[in-house]
Visitor: 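Would you mind keeping the following structure in view while I ask a few things?
Numbered from 1 within each chain, the chains take letters A, B, ... in sequence-line order. Quantities reported herein were computed from a predicted structural model and do not represent experimental measurements.
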Protein chains: 2
Amino acid sequence: MSAAASVTIGVAARRTGISAKMIRYYEEIGLVTSAQRNAGGYRLYGPEDLHALRFVRRARDLGFSVEEIRALLALWRDRGRASAQVKALALGHVADLRRRIAALEDMARTLGDLARHCGGDARPDCPILDDLAGPPAPDDVGRRPERKRRARFTTHG
Amino acid sequence: MSAAASVTIGVAARRTGISAKMIRYYEEIGLVTSAQRNAGGYRLYGPEDLHALRFVRRARDLGFSVEEIRALLALWRDRGRASAQVKALALGHVADLRRRIAALEDMARTLGDLARHCGGDARPDCPILDDLAGPPAPDDVGRRPERKRRARFTTHG
DNA sequence: CCTTGACCTTCCCACCATGGGAAGCCCCAC
DNA sequence: GTGGGGCTTCCCATGGTGGGAAGGTCAAGG
């Protein structure tokens, strides 16, 4: 075995692309196993640890949440897992991504449309603001006649 | 003036679709002007306030950050603004949305591809995990011969 | 008039994932 | 043995949002 070479957290950070801060955080929340320590209290990372950290890094790049990664790591370590479980998790995440994409696209489309109708010149007229402002005051701006409107808590006077 | 009808925060929340919590928060961070108070300390919202809150609500629906909304509100209130300013802000935000969409789509596509190649059955083989794990340990897992590798801070032993 | 119950107030805590920074210790090279 | 870079822990902040406790207010009904 020869207890393969270990590196400190800074080196591990550089090698995995995860900041030292985040490595400590992941340890704290139990996402990765606690690193061994040398006599001086420094964390030491062996190849296996780095491998796991890279796994985490890649999973985060794919947008998985920490909790999802926790599950993925468990499946990874479970040599007997059914690939169906992994696939289900992945597809669930894809569905989530698609939902978020759709939401963002709605926004982008709407806003793009509004912008397209906006002069974008020195004049103040702007359909974007008009849209944000909505219908011209559904309340009683534009003072409707006498219709005594009774609202609770009218102010001083 | 007849000091148009004012409502309490709960009513304002229902009418604008912003929770009372958030209305207080927006006031605290100065996004909206501080509400007036009645003798008992209750916040009171008039039509103008509700209008502004709805504006904020709509802007948030379109994905604008609080800071962007702050700018939009300023432009809204500035009767002499140039629509170009509004348009620039909006287009900047659209660009941001597009960037985020692209990032999410990368993830979704990659993950979808991986999932497509995954059996999704009872067997453990899984390209998804394989991808996450990356190339089989760029370090010395799979023990290369003698190549004495010197790493600082080798562990106890 | 007093109670009841809905509503409001402030204050603190939590989330998620990340970064910043301070105070102090460790390690190695010179 | 000293300097300097790396490490440790601890606290704080971000952005928006929600939860909840402790206590005050308000209107209505008996």
Visitor: D:dC7, C:dT10, D:dT8: which one has an atom nearest the side-chain heavy atoms of A:Arg37?
Guide: D:dT8

Visitor: Is the phosphate of C:dC7 approached by B:Thr8 (side-chain N or O, under 4.0 Å from OP1 or OP2)?
Guide: no

Visitor: Does B:Asn38 make a side-chain N or O approach to OP1 or OP2 of D:dT25 shorter than 4.0 Å?
Guide: no

Visitor: Should the side chain of A:Tyr42 and the base of C:dC27 be counted as holding a donor-acceptor pair, with the cut-off at 3.5 Å?
Guide: no

Visitor: Do the side chain of B:Tyr25 and the base of D:dG15 come within less than 3.5 angstrom through a donor-acceptor pair of N or O atoms?
Guide: no

Visitor: How many whole angstroms separate atom CD of B:Glu28 from atom P of D:dG18?
Guide: 15 Å

Visitor: Can you tell me the distance, in whole Å, between the CZ atom of A:Arg43 and the P atom of C:dC26?
Guide: 15 Å

Visitor: List the steps and the verdict of side-chain hydrogen bond (donor to acceptor under 3.5 Å, both in side chains) for B:Ser83 and A:Asp121.
Guide: CA-CA 6 Å; B:Ser83 67; A:Asp121 49 31; 3.2 Å; yes

Visitor: Flag the pair B:Leu104 / B:Met107 as yes when at least one side-chain heavy-atom distance between them is below 4.5 Å, and no otherwise.
Guide: yes

Visitor: Please give, in whole Å, the distance from D:dG16 P to B:Ile18 CD1?
Guide: 13 Å

Visitor: For residues 84-110 of chain A, which residue pairs qualify under ring pair (Phe, Tyr, Trp, His ring centres under 6.0 Å), counting only residues two or more places apart or in two chains?
Guide: A:Phe64-A:His93

Visitor: Do B:Thr16 and B:Tyr45 touch side chain to side chain, with heavy atoms closer than 4.5 Å?
Guide: no

Visitor: So does A:Glu27 pair up with A:Arg24, basic N to acidic O under 4.0 Å?
Guide: no

Visitor: Rounded to whole angstroms, how far apart are CZ on B:Arg70 and P on D:dG15?
Guide: 10 Å

Visitor: Could you check how far CD1 of B:Ile69 sits from P of D:dG15, rounded to whole Å?
Guide: 13 Å

Visitor: Let me know the distance between OH of B:Tyr45 and P of C:dT9, rounded to the nearest Å.
Guide: 7 Å

Visitor: Between B:Phe55 and B:Trp76, what is the ring plane arrangement, given parallel below 30°, perpendicular above 60°, and tilted in between?
Guide: parallel

Visitor: Shorter than 3.5 Å, N or O on both sides, protein versus nucleotides 19-22 of chain C: list them out with atom names.
Guide:
from: C:dG19; atom 1: OP2; to: A:Ser19; atom 2: OG; distance (Å): 3.0
from: C:dG20; atom 1: N7; to: A:Lys21; atom 2: NZ; distance (Å): 2.9
from: C:dG20; atom 1: O6; to: A:Lys21; atom 2: NZ; distance (Å): 2.4
from: C:dG21; atom 1: O6; to: A:Lys21; atom 2: NZ; distance (Å): 2.3

Visitor: Should B:Arg109 and B:Asp113 count as an ion pair when the cut-off is N to O under 4.0 Å?
Guide: no

Visitor: Verify the cluster assignment for A:Val56 and A:Tyr25: are they in a single hydrophobic cluster under the rule of side-chain heavy atoms below 4.5 Å apart?
Guide: yes

Visitor: Kindly indicate whether the side chain of B:Glu105, heavy atoms from C-beta on, has any atom under 4.5 Å from the side chain of A:Arg98.
Guide: yes

Visitor: Does the side chain of A:Val7 come within less than 4.5 Å of A:Leu44's, by heavy atoms?
Guide: no

Visitor: Please compare A:Gly40 and A:Glu67 by the position of their nearest nucleotide in DNA chain C and report the one closer to 5'.
Guide: A:Glu67

Visitor: When you measure from the side chain of B:Arg60, which nucleotide among C:dT18, D:dC7, D:dG16 comes out closest?
Guide: D:dG16

Visitor: What is the distance, rounded to the nearest whole Å, between atom CD1 of B:Ile23 and atom C1' of C:dC8?
Guide: 13 Å

Visitor: Reckon A:Tyr26 has a side-chain N or O less than 4.0 Å from the OP1 or OP2 of C:dA17?
Guide: no

Visitor: Return whichever of A:Arg14 or B:Ala39 has its heavy-atom-nearest nucleotide of DNA chain D closer to the 5' end.
Guide: A:Arg14

Visitor: Rounded to whole angstrom units, what separation is found between the CD atom of A:Glu27 and the P atom of D:dC7?
Guide: 14 Å

Visitor: Near DNA chain D, counting only heavy atoms under 4.0 Å, which residues of residues 91-104 of chain B show up?
Guide: none

